[in-house]
Amino acid sequence: MDIEFSVHEQAFRQDVRAFLHDNLPGELSERIALGKRLSKAHQVQWMRTLNRQGWLAPGWPVEFGGTGWSDVQKHIFDEECFAAGAPKVSSFGLKMVAPVIIKFGTTEQKAHFLPRILSCEDWWCQGYSEPGAGSDLSSLKTRAVREGDDYVVNGQKTWTTLAHFADWMFCLVRTDPEARQQRGISFLLIDMKTPGITVRPIITLDGEHEVNEVFFDNVRVPVANRVGQENEGWTCAKYLLTHERTSIGGIAQNKALLTRLKRIASQEVRDGRPLIDDPLFRTQIAEVEMQLMAAEMSSLRTLAATQNGEVPGAESSFLKIKGTEIRQAITYLISKAVGPYALPFIEDELGYGSEPLLYTDYSSAATYQYLDARKASIYGGANEIQKNIIAKMILEL
Amino acid sequence: MDFKLTEEQLMLQETAARLVRDVYGFEHREQYRQSRHGFSDPFMQQLGDLGLCAVPFAEAYGGYGGSGVENMLIMTELGRGLCLEPYLHSVIFAGGLVDQLGTAAQKDTLLPQLGSASLQLAVALDEPQSHYQLHDVQTTAEAVSGGWKLNGRKSVIIGGQSAGLILVSARTSHGVRDEQGITVFLVDPQDSGVGRRDFATQDGRMACELYLDDVFVKSSAVLGAVGQALPALRYQQGRCMAAQCAEAVGSMEAACALTLDYLKTRQQFGQPIGKFQVLQHRMVDMRIELDQATSMTLLAACVADQADSDERSRILAAAKFIVSRASRFVADQSIQLHGGIGLTWEYMLSHHAKHLLMVARQFGDDDHHLQAYAKLLQVA
Ligand SMILES: Cc1cc2nc3c(=O)[nH]c(=O)nc-3n(C[C@H](O)[C@H](O)[C@H](O)COP(=O)(O)OP(=O)(O)OC[C@H]3O[C@@H](n4cnc5c(N)ncnc54)[C@H](O)[C@@H]3O)c2cc1C
Ligand SMILES: Cc1cc2nc3c(=O)[nH]c(=O)nc-3n(C[C@H](O)[C@H](O)[C@H](O)COP(=O)(O)OP(=O)(O)OC[C@H]3O[C@@H](n4cnc5c(N)ncnc54)[C@H](O)[C@@H]3O)c2cc1C
């Protein structure tokens, strides 16, 4: 047993820290520190910086532009990025569709799509969920019928994050309606500019437009844009899920949030003292910090296992459940810390305006972040579904 | 012990329920929210015309002499409809303060106007540093010839954006956080030196920040004895907490009903999701929390208008604590059981959830009331 990072890993951490110090624009880290929303332009700005350094796609094989880092190095990188207040990179292209293309795509698909993801030329969205197919994803109905060199796609996707900004969608469609559920699904790459696609906004409870409904009306997609075999799309879909599992616990993000909570609780006052000195509030911070410590160890154990060549199993569902619960607990405490100032709903303060802030720099973001964290136990496989997976795969119930 | 409502109380409940049902559909609420005052002036007027705004006031002022139970009945219905009108803050809270502290002349002018909904009031007690502590008042009032000069800042005043007068607590003597030396003033937002920043709240209401910069008010604007306001503030906030609990119960009932309905209709894996036992038990937990909250709300309603005592304070703190916790649980879980749908603006559920989450952010959160109760804990 040795829980220390190696000398090499520690040196790596210093390198990452130095890079962030020199390259992360203060304007971006300030926005993040205040819990404000980020525009696509903000994200692209940061992704371009990472790409220039060759650090945009740590998860990819080196030959396609990856870094060749170990999983522990990737974890260190994530941790340093969040700690410094770097924007999260958009995962749909980099962490979702790219690994699928790398694993199952044709040479042409790799040559065409991968460089465009790295250069931020193409922005991706994920077309999995449908009104009738949420947790029960494999009941999806969007239909693709082959006509010559094209598929003709009809149907509807929903909850499609950032579809309104996307150039491309990776999409699960049904190509064989006769086959049993998981069979008969294909994985298509769809150009969002194709005629017949309509994107309609869904406004979420925080007033934000992030998710959409996407309608397909006789949309023609070249057969060349199918990844993997026809009717074998579920293999791609599942591969994508296992691939992103290890980072889903959000340890690095939670650590940064906890730091934020402590800063806020130190600034807020109750009875003329910093709130963080209020014994009752302080114990609640301590409690969530202890939980985060345990979750981090679990996450590192999972990483160590994959490092040794093991495939992350259903244990990664532990990480997702604990990670989202901890995030919800921290954002709850932040909202508690700001007291009545959790009430204002001032969209300008979250957005891009420079209007003077109501009271403190962080109060408008408090409730927004709490509500945002509610999403985390629903998407990426709801927590109830994660528990079903654990019950089945680990406990064999 | 008798949990039955009187004939009159049943009628009151039915009147409020019908009124809300008739005019507070989701689309309407969205319109009211976006209108000038952030709520429906006609609906507020209707509440006045039907006598609902006069319920808590004595007959001498055109009221019905109602107590905590009547307030509870009305507030539950307003909560069920997520009504945006500042009934709680204007009629119950401000009205209660005027009633308890006001001179005969002040009561004669203000209470009938409140009762007929021709006047709306707001209450400004919180400050940036006060964190729910009513005695942590840094806004100052200095005696000057013919009146007082006010300076300071008041936070998150629900209904302050449209109030005719705002009841402001200010320090007239004694040091920081002293229980003595707090006075309430009636401030006209139009007066010179009064600055306001209006904003929406998470649960769809409007509120404001108040900035007082050498604001002169006449001696007649003092409400109650100079320097002696704190006990009344605490007492009236207690009445308000009881009423707010009822509002939360109405909202929880609505959220639970929507969720239960969804469990029966939403199909996944070839069956209604309500067939999954884990969701059944979660729904049951929500119902149990609601039941506990309902019980504490009843208890609070029964003591809200009793004379001040440690027992009353304990019960009100306990009610607020239990209801705040229950509200958060119901909010979180009703979203979770809905999946993505629960997070959409276009569906009433998300607004109930936001309302329920904000219950704890007014009049003290669960920590505040836990500590208050612990302080009053009977050891032997
Ligand atoms: C903010 C946000 C962004 C999203 N972005 C995308 C995106 O970009 N692309 C995309 O394809 N999808 C996206 N989704 C969709 C997301 O994947 C689905 O919301 C999720 O799969 C759950 O499906 P549902 O919302 O239909 O809920 P449902 O599946 O209807 O679930 C409702 C409730 O029932 C529970 N439940 C369902 N089945 C079971 C069971 N067998 N046992 C126990 N409990 C069960 C669930 O856990 C949940 O609590 C997004 C969702 C959100 C909220
Ligand atoms: C101190 C004590 C005194 C008792 N005294 C008496 C007595 O005087 N007379 C008498 O007749 N009996 C008595 N009992 C027995 C008692 O009624 C049983 O223990 C009880 O009915 C549970 O049955 P079980 O112990 O066989 O557990 P099981 O029924 O085997 O249950 C095991 C677990 O499974 C859960 N479970 C079972 N079915 C379901 C389901 N459908 N859905 C979800 N969860 C489920 C249970 O909740 C429990 O957690 C006593 C038990 C105790 C512990």
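These numbers come from the heavy atoms of this one structure, side chains and all, not from hydrogens, waters or symmetry mates. Chain letters run A, B, ... following the sequence lines, proteins first and then strands; every chain starts at 1. As the structure is a prediction and not an experimental result, all values here were calculated from the model.
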Per-residue contact mode, B:Ile341 against chain A (heavy atom under 4.5 angstrom): both

For B:Phe269 against A:Ile385, the heavy-atom pair lying closest together: CE1-CD1, 4.4 Å

Other residues, nucleotides, ligands: >12 heavy atoms within 6.0 Å of A:Arg180 CZ: no

Atom CZ of A:Arg183 with >12 non-hydrogen neighbours under 6.0 angstrom: no

Structural part of A:Tyr370 lying under 4.5 Å from a heavy atom of chain B: side chain

Per-residue contact mode, B:Leu279 against chain A (heavy atom under 4.5 angstrom): side chain

B:Gln129 side-chain N/O to A:Asp271 backbone N/O, donor-acceptor pair under 3.5 Å: no

Region of A:Ser335 in contact with chain B, defined by heavy-atom distances below 4.5 Å: both

Engaged part of A:Ala337 at the chain B interface, taking heavy atoms whose separation is under 4.5 Å: backbone

B:Gln34 atom CD, over 12 foreign heavy atoms within 6.0 Å: yes

B:Gln133 side-chain N/O to A:Arg270 backbone N/O, donor-acceptor pair under 3.5 Å: no

Candidate pair A:Leu280 and B:Leu370, rule side-chain contact (heavy atoms from CB on, under 4.5 Å), full reasoning: CA-CA 9 Å; A:Leu280 184 56; B:Leu370 181 61; 3.9 Å; yes

Contact summary for B:Ser155 and A:Tyr341, nearest pair of heavy atoms: OG-OH, 2.8 Å

Expected output: side-chain B:Gln336 to main-chain A:Ser377 donor-acceptor under 3.5 Å: yes

Closest contact, heavy atoms only, A:Pro131 versus B:Arg266: O-NH1, 2.7 Å

Heavy-atom proximity to chain B below 4.5 Å, by part of A:Ile203: both

Nearest heavy atoms of A:Pro340 and B:Val156, plus distance in Å: O-CG2, 3.7 Å

Heavy atoms of other groups near B:Gln267 CD, more than 12 under 6.0 Å: yes

Residue B:Ala200 versus chain A: region with a heavy atom under 4.5 Å: both

Considering all heavy atoms, the nearest B:Arg361-A:Ala342 contact: CD-CB, 3.6 Å

B:Lys354 side chain to A:Leu205 backbone, donor-acceptor under 3.5 Å: yes

Side-chain H-bond candidate by donor/acceptor type, B:Asp367 with A:Gln284, under 3.5 Å: yes

Note, B:His131 side chain near A:Leu275 side chain (heavy atom, < 4.5 Å): yes

Proximity breakdown for B:Asp365 and chain A, heavy-atom pairs closer than 4.5 Å: side chain

Under 4.5 Å from a heavy atom of chain B, the part of A:Lys387 involved: neither

Non-hydrogen side-chain atoms of B:Leu343 and A:Ile202 separated by less than 4.5 Å: no

Greatest number of heavy atom pairs closer than 4.5 Å to chain B - which of A:Val211, A:Thr204, A:Asp136: A:Asp136

Max heavy-atom pair count under 4.5 Å with chain A, selected residue of B:Gly339, B:Ser350, B:Gly340: B:Gly340

Least distance between heavy atoms, B:Asp366 atom then A:Lys336 atom: OD1-CE, 3.2 Å

Gap separating the CZ atom of A:Arg374 from the CG atom of B:Leu357, nearest 0.5 angstrom: 8.0 Å

Part of A:Asp278 within contact of chain B (heavy atom distance under 4.5 Å): side chain

Under 4.5 Å from any heavy atom of chain A - which part of B:His338: neither

B:Gln202/A:Asp206 under side-chain contact (heavy atoms from CB on, under 4.5 Å): CA gap, chis, key distance, verdict: CA-CA 8 Å; B:Gln202 294 286 345; A:Asp206 46 17; over 6 Å; no

Portion of B:Arg328 that has a non-hydrogen atom of chain A nearer than 4.5 angstrom: side chain

Among B:Val278, B:Asp126, B:Asp332, residue most engaged with chain A (heavy-atom pairs, under 4.5 Å): B:Asp332

